[in-house]
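Report on the structure given below.
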Amino acid sequence: MSTTSTPQYAPPPRQIISRSKGTKLLIVCILAVLMSVPAGCVFLLLLDRTHRAEEVTREIGGLMGGPQTFLGPVITVPYTTPPKTEIDSQGNKTTTPSQTGQLVVFPVTGNAVATSKSEVRSRSLFRVPVYSTDLHFTARFDLSQVTAPANATLDWSRAQLISGASDSRGARKDIVAVVNGQPVTLAPAPEGAQNINTEGGNGQLDLFSSPLAALDTTKPHDITLDMSFTGAQKLGVLAYAKSSEVTLSGDWNSPSFGGGFLPATRAFHHDQQTPLMKGEQDLKSGFKATWSVPFIARGLPAVINLDSLSSLGKSELSVSFVEQTNPYKNVGRSLKYALLFVGLVFLTYFVFESTSKRELHPAQYILIGLAQITFYLLLLSLAERIGFDFAFLAAAGATVGLISVYAGMVFKSRLRGFAALVVFSLLYGMIYTLMRMEDYALLIGAVAAFVVIATVMVLTRNINWYGKDPDPA
């Protein structure tokens, strides 16, 4: 008696691969999302380096005077209100003691010119832009229309000339004014410091003063004032007159104009990627901007109480000294697209896998993702030392070379390795383009993602995702 065994059915290897394509794509997508975890760790490291850079900026900037805002010449006049006696309904007398205060008289017209020279101070790997500036103020006062508050008396014999700066430690020379042809030197004011609402939050203004003896209120007075200060990051001038003209210029090639008003005219050095806007002029180097603030736009009366001086900060006219090659800003922008580019590389490998006889293990996808995350570590560490452009070239070259050679090895095909090199070079070239074209980054990224997805859909159109045999025709 003989026995026969029924042969076991063994599906062909290609059928096993075919059945796993749909599930494999889902796994690849999940792995791409999981790569956000190490990318988040790199982002935390970036925040730590950024925080350290800000600390160094504050330390060096504090020694140089920090962001400086200047107040041109104004006149303060003390006033006194007499005691006031009131009788209530029961016949009781209540006496209010006399009160004192200070009026601030703004000039009718004022012109300020500030010229700055910039340099970059470094501590370890961190760079801070600092500057020295010479300021020249002119002011014309008309005191004939100045009146005291109700029932108060002005004491012109104690009138003082006042100016101010954010940090007096930045002073490099004595502040000298010329009042009707007579030079006077300003000293720290008895009032000390004045809080003032400048751009970026509450600031403090150190006040300087000089007595104005025998001031004739019946005729106009012309006053000029000169300052020489150092500072860091920002230079600002308050609209200190009813009608103010301010001109800021310097040798820094990447200024950012701000404050309460935009400049009426501006000229600065443009790189080839930055188009000229309306009202802008191109300079070979440096910048120059002018503001014109009329009385009605400033939003303050010609005479205010000293306690209300803080509201003058809304009229600040300023320029910030921006570093175009800030490595932390550029690396942070590139990290925003980390998930997108990890996903695109994974899709490329999946297309190679789907159109070949080789199958990749999920662990291999994880290695590819970690190589891309390491790109950001390389970019951050190199950008601190050699600048963002060269750092990107080195980090991208190393990463593209690694994952392209890896593709050639795992698929055992030089052709696929070369195809991976071309695709990944274009991909990282797009990353660099996104970093350099900030205004068009979203548009370029969206279009590129659409094109890649469409390409993947076309290349995988014939894949049997379910792994089932097609129905016989």
Side-chain angles (χ1 to χ4, degrees), residues 68-77 102-115 133-147 154 156 158-166 171 173-187 189 191 194 196 205-229 235-248 259-261 264 290-306 308-309 311-318:
Q68 292 278 22
T69 300
F70 299 96
L71 171 66
V74 298
I75 293 176
T76 61
V77 186
Q102 295 268 355
L103 287 185
V104 177
V105 182
F106 296 107
V108 177
T109 59
N111 184 280
V113 178
T115 304
T133 182
D134 295 320
L135 301 103
H136 179 73
F137 297 92
T138 61
R140 186 173 181 84
F141 290 88
D142 182 4
L143 307 179
S144 61
Q145 303 299 321
V146 178
T147 57
L154 295 176
W156 287 103
R158 293 193 293 134
Q160 294 198 24
L161 178 66
I162 297 288
S163 69
S166 296
K173 295 180 181 179
D174 288 336
I175 301 175
V176 178
V178 177
V179 182
N180 298 325
Q182 299 297 320
V184 295
T185 300
L186 278 67
E191 293 82 1
Q194 174 74 39
I196 188 162
L205 206 64
D206 294 336
L207 298 180
F208 318 107
S209 66
S210 176
L212 294 174
L215 194 61
D216 188 352
T217 61
T218 62
K219 63 179 183 179
H221 298 272
D222 293 314
I223 296 177
T224 63
L225 185 143
D226 291 287
M227 296 181 177
S228 182
F229 272 75
L235 166 63
V237 175
L238 300 174
Y240 64 98
K242 292 173 59 178
S243 296
S244 302
E245 300 282 342
V246 176
T247 301
L248 304 180
F261 302 88
T290 60
W291 286 261
S292 179
V293 183
F295 182 34
I296 192 172
R298 195 181 67 147
L300 284 175
V303 179
I304 63 173
N305 197 289
L306 183 62
S308 302
L309 189 62
S311 58
L312 188 61
K314 299 177 182 178
S315 68
E316 182 188 28
L317 315 170
S318 66

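All of these numbers come straight from a predicted model, not from anything done at the bench.
- For A189 against S209, the heavy-atom pair with the smallest separation is CA-OG, 3.4 Å.
- Distance check, rounded to the nearest 0.5 Å: CG of N305 to CD of Q102 gives 8.5 Å.
- Looking at Q160 and T76, their side chains never bring a donor and an acceptor atom within 3.5 Å of each other.
- The heavy-atom pair separating F295 from S243 by the smallest distance is N-OG, 3.8 Å.
- Heavy atoms only, all atoms of each residue included: K242 and A302 are closest at CD-CB, 3.6 Å.
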Does I162 form a side chain to side chain contact (heavy atoms under 4.5 Å, CB included) with F208? I'd like the steps, not just the answer. CA-CA 6 Å; I162 297 288; F208 318 107; over 6 Å; no

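- Rounded to the nearest 0.5 angstrom, N180 CG and F141 CZ are separated by 10.5 Å.
- The nearest pair of heavy atoms linking V146 to D142 is CG2-O, 4.3 Å.
- Residues I304 and L103 fail the side-chain proximity criterion, which asks for heavy atoms closer than 4.5 Å.
- A heavy-atom distance below 4.5 Å is found between the side chains of H221 and L143.
- Contact annotation: the side chain of L135 never approaches that of D226 to less than 4.5 Å [non-hydrogen atoms, C-beta and beyond].
- L225 CG to H136 NE2: the interatomic distance, rounded to the nearest 0.5 Å, is 9.0 Å.
- In summary, the side chains of S228 and D134 do present a donor paired with an acceptor at a separation below 3.5 Å, with no hydrogens or angles considered.
- At least one cation-pi condition fails for R298 and F261: the charged atom is not both under 6.0 angstrom from the six-membered ring centre and inside a 45 degree cone around its axis.
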Going through the checks in order, is the side chain to side chain contact (heavy atoms under 4.5 Å, CB included) test met by T218 and S144? CA-CA 5 Å; T218 62; S144 61; 6.0 Å; no

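- Not one N or O on the side chain of D174 forms a donor-acceptor pair closer than 3.5 Å with the backbone of V176.
- In this structure, the side chain of T133 does not engage the main chain of A114 through any donor-acceptor pair within 3.5 Å.
- Between L312 and L71, the closest side-chain pair of non-hydrogen atoms falls below 4.5 Å.
- Summarising the geometry, atom CG belonging to L238 is positioned 8.0 Å from atom CG belonging to L317; distances are rounded to the nearest 0.5 Å.
- A distance of 8.0 Å separates CG of L207 from OG of S163, quoted to the nearest 0.5 Å.
- Looking at heavy atoms from C-beta onward, W291 lies in side-chain contact with L248 at the 4.5 angstrom threshold.
- Between L205 atom CG and Q68 atom CD the span is 9.5 Å, to the nearest 0.5 Å.
- In this structure, I75 and L212 have side chains that are in contact, with non-hydrogen atoms separated by less than 4.5 Å.
- Using cut-offs of 30° and 60° on the angle between ring planes, the pair F137 and Y240 is perpendicular.
- Within the 4.5 Å cutoff, side-chain heavy atoms of L161 are placed close to those of V179.
- Proximity of D222 to T138: side-chain heavy atoms (C-beta onward) are nowhere separated by under 4.5 Å.
- Contact detail for P107 and A139: the closest heavy-atom pair is CB-CB, 3.6 Å.
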